[in-house]
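Contents: one structure, followed by commentary.
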Amino acid sequence: MAGAELSERFDCFGSSCAAFVAGAGEQRSARDAVELVRHRLEDWHVRFSRFLPDSELSRLNADPRWEVPASPLMARLAQTVRVAAFLTDGLVDATLVDEIEAAGYRDDLGEPLALETALGLAPPRKPAAPRRPASWQSIEVNLARRTVTRPPGVRLDSGGLAKGLFADVLAARLASHASFAIDCAGDLSIGGAHGVTRPVEVESPFDGSVLHTFELRRAGVATSGIGRRSWLDRDGRSAHHLLDPSTGKPAFTGIVQVTALAPSALVAEIYAKAATLGGPRAAPAWLRHGGVIVLDDGSHQVIEPPAEVTLGELSVLS
Amino acid sequence: MDSSRPPAPRPPSSTGPEQLDARTLARSRRDALRRRARRIRRSVAATAAALFSALFLVVYPQLASGHDPALSASVSPVTTSQS
């Protein structure tokens with residue numbers, strides 16, 4: 001028996017994170033595993049923050065050299081930035097740091113703009129598009145030598161990609177425990193050796209109600225949208241952190257939130273962002289593993305995970 | 001006793017009406033016992049098969065939907081929202 005599940009919720013990444021663990025793992029107890037998650041995330045928050053001038057990410061972004069030595073995790077983040085853009089044909093572009101700062105996101109944001117207000121002040125809706133040529137194409141990562149190569153001035157934004165990556169890294173450490181869930185500021189990694197099913201609730205961006213509940217055993221889940229990190233720019237227009245790479249401006253596509261399911265939290269994060277930026281027509285194609293799309297008018301569409309995933313997981317039990 | 005004389009041949013066994021009735025009765029009892037044993041064996045097998053089928057029909061949908069009763073550790077729901 002796995003015993004009672006232990007959990008802890010704490011503030012991190014300007015949001016809330018949590019760890020849920022049941023059963024002892026190969027190397028540590030459930031209590032130690034929860035502590036590990038907390039300590040790692042708090043450490044990574046300091047190292048990967050764009051808002052702390054002495055953080056590892058800020059030093060990489062400010063480094064005048066073309067080739068910069070990096071820690072293994074920083075090198076993986078840089079590689080993730082390139083892979084995310086490649087997989088989405090440039091739609092998910094984490095090199096738009098100049099643009100996000102020009103839009104007004106230079107520090108931790110306070111209370112977000114009410115979603116109804118933001119939508120009322122938003123420009124006409126249109127899908128986002130990639131930038132040609134794009135800065136991400138210049139990034140080269142050598143994981144063996146732990147170096148990141150890019151033209152000086154090309155900066156990386158940790159953003160949601162880092163949270164998905166961190167959730168996956170910690171999930172690998174907790175794989176031998178009976179069950180676990182890591183909530184990395186909304187990006188979830190769910191799993192465990194016993195294959196226990198866990199309810200995953202999707203929250204409405206309008207009123208916080210539960211729009212849908214998935215029952216998942218091993219999965220990554222991520223939610224991306226324009227409701228949480230939003231503000232009014234200098235001209236009184238509503239702005240948020242999801243930029244249209246082609247314009248460098250906040251993207252208003254007709255979608256306010258997408259939750260994506262995927263084999264890992266990082267891939268779910270990429271799918272959720274690509275679906276949000278792609279607009280209502282393109283979004284379902286990004287949710288091949290399931291998800292929920294919430295539109296401007298408050299309506300939502302649930303895409304259930306394909307049946308073969310369940311059957312595949314069943315074979316693991318037998 | 002005169003040992004030089006051969007023993008007198010035994011008369012053929014008697015198959016009188018009473019003995020025939022006894023054999024028939026024994027055979028019919030034996031057959032009845034066999035039929036009863038077969039009936040009990042069949043009913044036990046049928047009951048076992050029915051019980052197994054019923055339990056399988058209950059457990060299989062639970063397993064297929066991910067609610068394995070052997071893995072009954074209670075887990076907390078988690079919420080995904082924009083960060």
Side-chain angles (χ1 to χ4, degrees), chain A residues 1-5 7 13-18 20 22-23 112 160 163 178-188 190 192 194-205 208 210 213-217 221-229 256-257 259 268 292 310-311 313-314 317-318, chain B residues 13 15-83:
Chain A
M1 285 294 291
E5 183 175 74
S7 66
F13 301 116
S15 183
S16 175
C17 296
F20 304 81
K163 292 163 192 162
S179 71
F180 68 82
I182 299 159
D183 176 356
C184 193
D187 284 12
L188 309 176
I190 292 158
H194 286 191
V196 179
T197 301
R198 185 182 297 273
V200 176
E201 298 170 342
V202 178
E203 199 174 80
S204 166
V210 176
T213 301
F214 292 105
E215 300 283 339
L216 303 172
R217 268 178 280 182
V221 186
T223 297
S224 187
I226 66 173
R228 180 79 196 277
R229 296 177 194 263
V256 293
Q257 177 177 291
T259 296
V292 179
T310 304
L311 292 175
E313 288 178 349
L314 186 64
L317 293 174
S318 59
Chain B
S13 59
T15 54
E18 293 88 3
Q19 285 176 315
L20 280 175
D21 285 349
R23 285 185 178 179
T24 306
L25 186 63
R27 189 179 300 118
S28 68
R29 281 182 177 170
R30 196 167 56 241
D31 290 345
L33 279 173
R34 283 179 180 155
R35 277 197 301 275
R36 185 161 175 254
R38 196 180 302 127
R39 194 171 60 244
I40 291 171
R41 203 179 298 128
R42 282 178 178 166
S43 65
V44 167
T47 306
L51 271 174
F52 177 81
S53 301
L55 280 173
F56 186 78
L57 287 174
V58 170
V59 170
Y60 181 78
Q62 283 187 293
L63 289 173
S65 64
H67 298 88
D68 188 341
L71 303 172
S72 56
S74 63
V75 295
S76 309
V78 287
T79 303
T80 180
S81 59
Q82 295 176 40
S83 59

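What you see is a predicted model; the values in this text were computed from it and never measured. We name chains A, B, ... by the order of the sequence lines, and we start the count at 1 in each one.
The neighbour count for B:R30 CZ, taken as heavy atoms of other residues, nucleotides or ligands under 6.0 Å away, is above 12.
Summarising the geometry, atom OG1 belonging to B:T79 is positioned 4.5 Å from atom CD belonging to A:E201; distances are rounded to the nearest 0.5 Å. Rounding to the nearest 0.5 Å gives a distance of 8.0 Å between CD of B:Q82 and OG1 of A:T259.
Side-chain contact between B:V78 and A:F20 is present, with heavy atoms from C-beta onward closer than 4.5 Å.
Only the backbone of A:A222 comes within contact range of chain B, with at least one heavy atom under 4.5 Å from a heavy atom of that chain. If you measure heavy-atom distances from A:A185 to chain B, the contacts under 4.5 Å come from both the backbone and the side chain. Contacts between A:S224 and chain B at a heavy-atom distance below 4.5 Å involve the backbone alone (N, CA, C, O). When heavy atoms are compared at a cutoff of 4.5 Å, A:I190 approaches chain B solely by way of its side chain, counted from C-beta outward.
Heavy-atom minimum distance, A:G186 versus B:T80: O-OG1, 3.0 Å.
In this structure, a donor-acceptor pair under 3.5 Å is present between the side chains of B:S76 and A:E5. Of the N and O atoms on the side chains of A:T223 and B:S81, not one donor lies less than 3.5 Å from an acceptor on the other residue.
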